[in-house]
Amino acid sequence: MATNESGSRGPVETAMYDKLTTLLQPSQLTITNESHLHRHHAAMRAQGGGSGETHFAVQVISDAFQGRTTLQRHRMIYSALSDELARGLHALSLKTKTLEEARRFTAGQAE
């Protein structure tokens with residue numbers, strides 16, 4: 001599921017969703033457009049406020065991460081989104097887990 005302030009995906013968010021779904025085949029993918037929280041930053045003001053699709057939080061649960069470190073997982077995502085990063089995607093906040101890690105995390109919170 002992907003969301004933003006208006007409830008509809010823009011072209012950058014749509015591309016991110018499609019690429020990450022294809023690459024990772026996630027059991028869960030949440031993309032949140034947080035660009036509106038950063039439009040006052042100097043870099044965004046210099047771009048006229050940015051495209052409105054410059055900052056995202058991404059939460060992914062995928063077994064494609066099995067056996068990979070956090071750095072390797074993040075590199076997978078940054079590599080997949082290299083075109084978007086080259087065209088103005090400015091920042092990603094990433095949370096990456098395997099299905100088993102997500103289950104353990106959820107079970108730990110329930111205790």
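This structure is a prediction, so every number in the text was calculated from the model and none was measured.
Sorted by first then second residue, the salt bridge (charged side-chain N to carboxylate O under 4.0 Å, His left out) pairs that include residues 14-28, not counting sequence neighbours, are K19-D83, K19-E84. Counting only residues at least two apart or on different chains, no salt bridge (charged side-chain N to carboxylate O under 4.0 Å, His left out) pair has a member in residues 20-32.
Residues L23 and A80 share a closest heavy-atom pair of CD2-CB, 3.8 Å. When all heavy atoms are compared, the tightest approach of P26 to L20 is CD-O, 3.9 Å. Residues E101 and T96 come closest through the heavy atom pair OE1-O, 4.3 Å. Taking each heavy atom of K97 and R73 in turn, the nearest pair found is CA-NH1, 3.7 Å.
Other residues sharing the hydrophobic cluster of L71, ordered by chain and number and joined by side-chain separations under 4.5 Å: none, the residue standing alone.
Taken to the nearest 0.5 Å, the CG atom of L29 stands 6.0 Å off from the OH atom of Y17. Here L92 contributes atom CG and T54 contributes atom OG1; the two are 10.5 Å apart, rounded to the nearest 0.5 Å. Annotation: the span from K95 atom NZ to T70 atom OG1 amounts to 12.5 Å, rounded to 0.5 Å.
A donor-acceptor contact shorter than 3.5 Å is absent between the side chain of S79 and the backbone of R75. Without hydrogens or angle criteria, S62 side chain to L24 main chain gives a donor-acceptor distance under 3.5 Å. Although no hydrogens or angles enter the test, the distance criterion places a donor-acceptor pair under 3.5 Å between the side chain of S35 and the main chain of H55. Between the side chain of S27 and the backbone N or O of I61 there is at least one donor-acceptor pair closer than 3.5 Å. Between the side chain of E13 and the backbone N or O of E53, no donor-acceptor pair lies under 3.5 Å.
The closest side-chain heavy-atom distance from L89 to M16 is below 4.5 Å.
Partners of Q25 by side chain to side chain contact (heavy atoms under 4.5 Å, CB included), not counting sequence neighbours: none found. Applying the side chain to side chain contact (heavy atoms under 4.5 Å, CB included) test to A57 and every residue at least two apart in sequence or in another chain returns T32, E34, S93.
Linking Ile, Leu, Val, Met, Phe, Trp and Tyr residues whenever their side-chain heavy atoms come within less than 4.5 Å leaves F105 and L99 in two separate clusters.
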